[in-house]
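Everything below concerns the one structure shown next.
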Amino acid sequence: MTVKENSQQTTQIVQLPVLGEAAQQSYPTGTLYVVATPIGNVTDITLRALHLLALADVVACEDTRKTGALLARFGLNKHMVAAHQHNEREAAEKLVQRLQAGERVALVSDAGTPAVSDPGARIVDAVRAAGLNVVPLPGASAAVTALSASGLVNDRFHFVGFLPAKTKQREAELAALKPMAATLVIYEAPHRIVDCVEALAAVFEPTRQVVFARELTKLFEEIHRCPLGEALAWVKADANRERGEFVVLVEGAPQAGEEGDAEAERILNILLAECSVKQAASLAAQITGKKKNALYERALQIKGE
Ligand code: SAM
């Protein structure tokens, strides 16, 4: 296997014993394998996924052209069947029959982990209901990838996925999410990113931190964190920001006992717009009575320093 390190240089991976390990494992027949695929960078596929895809009797996928192109990158030419949001139930029935006949079926989506804002859950449900075996092969998912690089310190996250397209419904859903302490994880299509930020700004406090994780693992990957009050200006500052794929993370609501923190945060944000980090921390400490060091650390985080 070769890996492109940059456009000029290609490095050969030599004899990694672990490559053979994937082949030595057991892959029972009559099993549905739920296989995660890359979310952009084609080399983010696992060794086990590659081995299983090579071994599978059939690959069930959303779009046979897209998955065919991915498989071709690894030199695989497999029998594929379509399993997308418009035929998932019928596809499930046919896949159950194949599994009952003892085939190994790989289930993939266009990108990332099947059944995460993608088709797959109905197929897995039908396979389980038929008493057949389901094995997940984990890998990339945009939500977890974005969270890992966000720096939002919170043990909890709430996966929202796609918000409703209609303004009223979207704002109603956001209003229901507003009190949650968990980080919110939102998927958004590029043509709706401005609407999404406008809706967030209409419902949430301007001091909440948001993280835009755009084009993850791709050439123009961009991860930007700012207070919600500055988010729309950031999106609009570059026309390219209305293109590409986005995960939007929203900091969780301050909980009881943290209200003072929210107020300190609001004051800190106002001061940071006018003063240095040191001055803002010092003034915020005088206004709120909170510790200057903690405010200084927080100010650095807000400024991304
Ligand atoms: N199943 C996928 C997963 O595991 O993440 C999600 C599929 S969903 C149809 C597509 C959405 O995921 C996009 O609109 C975007 O919100 C997010 N997404 C997928 N790939 C991404 C990437 N490379 N960078 C940022 N967001 C991405």
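When a ligand or atom number is given, it counts from 1 through the structure's own listing order. Atom set for the values below is all heavy atoms of this structure, side chains included, hydrogens, waters and symmetry mates excluded.
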request  = Please examine the side chains of Thr113 and Asp118, heavy atoms only from C-beta on, and report whether any two atoms are closer than 4.5 Å.
outcome  = no

ask   = Tell me, which protein residue and heavy-atom name are nearest atom 10 (C) of ligand 1, and how many Å apart are they?
value = Phe162 CZ, 3.9 Å

inquiry  = Can you see whether Thr217 engages Asn41 through a side-chain donor-acceptor pair at a distance of less than 3.5 angstrom?
reply    = no

inquiry  = Below a 4.0 angstrom heavy-atom separation, can you tell me which part of Thr113, side chain or backbone, both or neither, approaches ligand 1?
reply    = both

query = Quick check: does any side chain N or O of Lys178 sit under 3.5 Å from a backbone N or O of Val203, one acting as donor and the other as acceptor?
reply = yes

Part of Phe246 with heavy atoms under 4.0 Å of ligand 1, whether side chain, backbone, both or neither = backbone

Numbered atoms of ligand 1 (with element) below 4.0 Å of Glu188, judged on heavy atoms = 14 (O), 16 (O)

inquiry  = Could you check whether Asn240 and Arg243, counting side-chain N and O atoms only, form a donor-acceptor pair closer than 3.5 Å?
reply    = yes

query = Nearest protein heavy-atom contact for atom 7 (C) of ligand 1: which residue, which atom, what distance?
reply = Asp118 OD2, 3.3 Å

key: Which residue and heavy atom of the protein sit nearest atom 22 (C) of ligand 1, plus the separation   = Leu216 N, 3.6 Å

ask   = Hey, is Ala111 touching ligand 1 through its side chain, its backbone, both or neither, going by heavy atoms under 4.0 Å?
value = backbone

ask   = With a 4.0 Å cut-off on heavy atoms, is Thr217 touching ligand 1?
value = no

remark   = closest protein heavy atom to atom 8 (S) of ligand 1 is Ser117 O, 3.5 Å

query = If only atom types and distance count, is the side chain of Glu88 paired as donor or acceptor with the main-chain N or O of Gly120 below 3.5 Å?
reply = yes

query = Do other residues, nucleotides or ligands put more than 12 heavy atoms under 6.0 Å from Asp238 CG?
reply = yes

Min N/O separation Tyr187 to ligand 1 under 3.5 Å = yes

message = Give the atom numbers and elements of ligand 1 that come within less than 4.0 Å of a heavy atom of Ala213.
response = 25 (C)

More than 12 heavy atoms from other groups under 6.0 Å of NZ on Lys66 = no

ask   = Of the backbone atoms (N, CA, C, O) and the side-chain heavy atoms from C-beta on, which set of Lys218 has a member under 4.0 Å from an atom of ligand 1: side chain, backbone, both, or neither?
value = side chain

task = Say whether Val116, considering both its backbone and side-chain N or O atoms, lies within less than 3.5 Å of an N or O atom on ligand 1.
result = yes

ask   = Which residue and non-hydrogen atom of the protein lie closest to atom 20 (N) of ligand 1, and at what distance in Å?
value = Glu245 OE1, 3.4 Å

query = What distance do Lys78 atom NZ and Thr67 atom OG1 have between them, rounded to the nearest 0.5 Å?
reply = 13.5 Å

request  = With rounding to the nearest 0.5 Å, note down the distance linking OH in Tyr27 to CG in Leu55.
outcome  = 8.0 Å

Side-chain (Lys303) to main-chain (Val277) donor-acceptor, under 3.5 angstrom = no

task = Kindly identify the option in Ser141, Pro190, Ala142 whose heavy atom sits closest to atom 4 (O) of ligand 1.
result = Ser141

task = Check if Gly40 has a non-hydrogen atom at a distance under 4.0 Å from any atom of ligand 1.
result = no

